[in-house]
Amino acid sequence: MITKPKGTKDIYGIEAKKWQYVSKVIDEVMEKYNYDFIRTPVFESSELFHRGVGQTTDIVTKETYDFTDRGGRNMTLRPEGTAGVVRSYIENKMYGNDNKPTKLYYNMPMYRYERPQKGRLRELTQFGMEILGTDDPMSDAEIISLAVNIYKILGLKQIKVNINSLGDEISRNNYRNALIKYFRPHINELCEDCHERLEKNPLRIIDCKVDKDKEVMKMAPKTIDYLNEESKQRFEKVKEYLEVMGIDYAVDPTVVRGLDYYNHTVFEIEAKVEGFGAQNVIGGGGRYNYMVEQLEGPKTAAIGFASGFDRLMLALEKENIDILVNNSVDLFLLYVSEDEKKYAAYLLNDLRMHGFIVETDYLNRNLKSQFKQADRLNSKFTIVLNDNDLKNNEVKIKNNATKEVEMVSLDALIYYLDENLTEEVCDCNLHDHGCNCEK
RNA sequence: GCGGAGUUGGUGAAGUGGUUAACACACUGGUUUGUGGCACCAGCAUGCGUGGGUUCGAUUCCCACACUCCGCCCCA
């Protein structure tokens, strides 16, 4: 048997319906926030990720799917979304659009060559959004609130938002140097991974899980202390806007993020649900004011957020949030004779073209089994076609909820279904998004 | 890349070096030749992750590999 590659997943059945539902909610929310959908190629020149994401990040140095195409070009399956979006922004000269800033969102698969475990796959789906062309702290607050609000609308309650600021380039460099200066004499007190980090990416020592409780760590320089006045004020502004929007957050100086391109605001959103597993960060992001330039575009400030779709689904499951999945059909047609079957074929086509969800038996089952099938599909109505009824131009239709059976003339069937299938709508403000209110 | 656990049908699972791999759910058919969802009866893995090896004989023992899960690193 041929099996799926390691770290990949088939999404089908109820799970697929849930994915479609969550995607739809994301689309709806993004539309309200006026973000445009973008889809970029699954593979890009390897160089894009080396320059965009950074040479010292693990996802570029040891986790990419690289290949050489038949023309000898070095290609990489995208490990994250931002670099491709920025490339597209530059290549398509979106900075020239009159509509500024540029607000984009995506929902697409990413690829990282990792050892899979719960909440971590080699092919993962991320949705995310970017605002390019403004450095206004309000845009930082918008991205964070937007992320939180999507989770909120989906029903997640047990999430925690951690934010921090790395400051501008000068602040970040000062901080980096301070870290090196501080940790060098203490190198032997740190774990082995941190030895390497000291040279490569000293910021990451700060969020090391092995050393986090050691004395050296408690005395270590904090990002906040190395922000210059401008960066500090900027961070204050971001927090003010978040407070106005009613977004709960915590300032966590250990949030430094693994991707090289961040500066100023960085943030992570974690699921605080019991039994979620080690991979509990469901989303994260930050500001990247230098990436566009680094990829040879005009100097453009930008901020973005990305969320793991699979981890989001896991969080919804762990919080026992029932996603309302339409798992029923309007009408099931039953038949026995060949003439009845023919009429079923006609009705099936006709009613579907009128917008009803209609099903029938395709396996020439006996009546009892057809009824079973109708039940399995949660059909709201059933019609047992009957040659005699058809001669009189009518059908016997049964409402499966009330068990009432009525004779309806064929001419009035569509009208009858229209009348009886009207949905009750609750008026809570989340009912479009699968509220759990009592109807 | 490193460490650990696991892999029996559509599903949940029991089990053994030896002629028929329990049990339950689901499914299919019948009792009931056109109104079901109940009940009863019957059927339903020539195979126990894949490939080798040991053996008269392996699902069971050994080895390798694959995949899943847990943890590290890292990240979503």
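As the structure is a computational prediction, the values presented were derived from the model and not from experiment. Chain naming here is simple, since letters A, B, ... match the order of the sequence lines and numbering starts at 1 in each.
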Inset, instruction - For A:K9, check salt bridge (Lys or Arg N to Asp or Glu O under 4.0 Å) against everything at least two apart and list the hits. - result: A:E15
Legend entry - Set of residues satisfying side-chain contact (heavy atoms from CB on, under 4.5 Å) with respect to A:A401, sequence neighbours excluded: A:N399
Inset, instruction - Under the side chain to side chain contact (heavy atoms under 4.5 Å, CB included) rule, what do A:R112 and A:E80 come out as? Steps first, then yes or no, please. - result: CA-CA 9 Å; A:R112 296 183 192 175; A:E80 58 100 56; 3.9 Å; yes
Legend entry - Phosphate OP1/OP2 of B:C75: any A:R311 side-chain N/O under 4.0 Å: no
Inset, instruction - Write down the distance between CZ (A:F309) and C1' (B:C75), rounded to a whole number of angstrom. - result: 19 Å
Legend entry - With sequence neighbours excluded, residues passing side-chain contact (heavy atoms from CB on, under 4.5 Å) with A:A16: A:I11
Legend entry - For atom CG of A:D10 and atom C1' of B:C67, their distance in whole Å: 13 Å
Legend entry - Proximity to the side chain of A:Y113 - top-ranked nucleotide from B:G1, B:U28, B:G34: B:G1
Inset, instruction - For A:I383, answer base if it contacts any base atom (sugar-phosphate contacts may also be present), sugar-phosphate if it contacts only those atoms, and nothing otherwise; contact means non-hydrogen atoms under 4.0 Å. - result: nothing
Inset, instruction - Would you mind classifying the nucleic acid contact of A:E114 as base, sugar-phosphate or nothing, using non-hydrogen atoms under 4.0 angstrom? - result: base
Legend entry - Rounded distance in Å - CG (A:D389) to P (B:U35): 12 Å
Inset, instruction - May I have all residue pairs that pass ring pair (Phe, Tyr, Trp, His ring centres under 6.0 Å) and include part of residues 331-351 of chain A, sequence neighbours excluded? - result: A:Y343-A:Y346
Legend entry - Integer angstrom distance from the C1' of B:U32 to that of B:G57: 50 Å
Inset, instruction - Confirm from the modelled atom types if A:K396 and B:G34 form a donor-acceptor pair under 3.5 Å, side chain to base only. - result: no
Inset, instruction - With heavy atoms under 4.0 Å as the rule, sort A:S369 into base, sugar-phosphate or nothing. - result: sugar-phosphate
Legend entry - Closest-nucleotide ordering on RNA chain B, the 5'-leading residue of A:Q126 and A:R376: A:R376
Inset, instruction - Pick the P atom in B:A22 and in B:C44, then give their distance to the nearest Å. - result: 11 Å
Inset, instruction - Classify every nucleotide of nucleotides 38-44 of chain B by which part a protein heavy atom approaches to under 4.0 Å, writing B for the base, S for the sugar-phosphate alone and - for neither, in 5'-to-3' order. - result: -B-----
Legend entry - Involving RNA chain B, stems made of at least three consecutive Watson-Crick or G-U pairs, both distances under 3.5 Å: B:1-7 with B:66-72, B:10-12 with B:23-25, B:27-31 with B:39-43, B:49-53 with B:61-65
Inset, instruction - With heavy atoms under 4.0 Å as the rule, sort A:N366 into base, sugar-phosphate or nothing. - result: sugar-phosphate
Inset, instruction - Scan A:I282 against the nucleic acid and name what it touches under 4.0 Å (heavy atoms): base, sugar-phosphate only, or nothing. - result: sugar-phosphate
Legend entry - Pair A:K4 + A:D10, salt bridge at N-O below 4.0 Å: no
Inset, instruction - Could you pull out all residues at least two apart from A:R78 that satisfy salt bridge (Lys or Arg N to Asp or Glu O under 4.0 Å)? - result: none
Inset, instruction - For A:G283 and for A:S337, find the nucleotide of RNA chain B with the closest heavy atom, then tell me which residue's nucleotide is more 5'. - result: A:S337
Inset, instruction - Write down the distance between CG (A:L333) and P (B:U35), rounded to a whole number of angstrom. - result: 18 Å
Legend entry - Test side-chain hydrogen bond (donor to acceptor under 3.5 Å, both in side chains) applied to A:K368 - qualifying residues, sequence neighbours left out: none
Legend entry - Nucleotide B:U35, atom P - distance to CZ of A:F332 in whole Å: 17 Å
Inset, instruction - Quick one: label A:K403 by what it contacts on the DNA or RNA (base, sugar-phosphate, nothing), any heavy atom closer than 4.0 Å. - result: base
Legend entry - Nearest-Å distance once atom C1' is located in both B:A76 and B:G37: 45 Å
Inset, instruction - Using a 4.0 Å heavy-atom cut-off across all strands, classify A:V384 as base, sugar-phosphate, or nothing. - result: base
Inset, instruction - Mind telling me whether A:F381 and A:Y416 have parallel, tilted or perpendicular rings, with 30° and 60° as the class edges? - result: perpendicular
Legend entry - C1' spacing across the pair B:C25 / B:A64, given as an integer number of angstrom: 37 Å
Legend entry - Separation of atom CD in A:Q373 from atom P in B:G29, rounded to whole Å: 11 Å
Legend entry - Interatomic distance at P, B:G30 relative to B:U19, whole Å: 36 Å
Inset, instruction - Only counting residues at least two apart or in another chain, list the ones meeting salt bridge (Lys or Arg N to Asp or Glu O under 4.0 Å) with A:K272. - result: A:E270
Inset, instruction - Only pairs at least two apart or in different chains count here, so list each ring pair (Phe, Tyr, Trp, His ring centres under 6.0 Å) that has a residue in residues 118-138 of chain A. - result: none
Inset, instruction - Could you give the distance separating B:U7 and B:A13 at their P atoms, to the nearest angstrom? - result: 11 Å
Inset, instruction - Check the distance between B:U28's C1' and A:N364's CG and give it to me in whole angstrom. - result: 15 Å
Counting only pairs under 3.5 Å, give me each side-chain donor-acceptor contact of residues 142-149 of chain A, with atom names and distances, residues two or more places apart or in other chains.
residue, atom, partner, partner atom, Å
A:E142, OE2, A:Y35, OH, 2.7
A:E142, OE2, A:K103, NZ, 3.3
A:S145, OG, A:A141, O, 2.9
A:S145, OG, A:E142, O, 2.9
A:N149, ND2, A:Y33, OH, 2.8
A:N149, ND2, A:S145, O, 3.3

Find every protein N or O atom lying less than 3.5 Å from an N or O atom of nucleotides 68-71 of chain B, and list the pairs.
residue, atom, partner, partner atom, Å
B:U68, OP1, A:G7, N, 2.9
B:C70, OP2, A:K118, N, 2.3
B:G71, OP2, A:Q117, NE2, 3.3
B:G71, N7, A:Q117, OE1, 3.2

Legend entry - P atoms of B:G71 and B:C62, separation to the nearest Å: 28 Å
Inset, instruction - Assign A:R112 to base, sugar-phosphate, or nothing according to its heavy-atom contacts below 4.0 angstrom with the strands shown. - result: base
Inset, instruction - Could you state the atom-to-atom distance from CG of A:N162 to P of B:A76 in whole Å? - result: 14 Å
Legend entry - Axial cation check for A:Y21 ring with A:K17, 6.0 Å and 45° limits: no
Legend entry - Polar contact flag, side-chain donor to acceptor under 3.5 angstrom, A:H50-A:E47: no
Inset, instruction - Please state the C1' separation for the pair B:C48 and B:G6 - nearest whole angstrom. - result: 15 Å
Inset, instruction - Pick base, sugar-phosphate or nothing for A:N400, based on heavy-atom distances below 4.0 Å to the nucleic acid. - result: base
Inset, instruction - Would you indicate what A:Q370 reaches in the nucleic acid, counting non-hydrogen atoms under 4.0 angstrom: base, sugar-phosphate, or nothing? - result: nothing
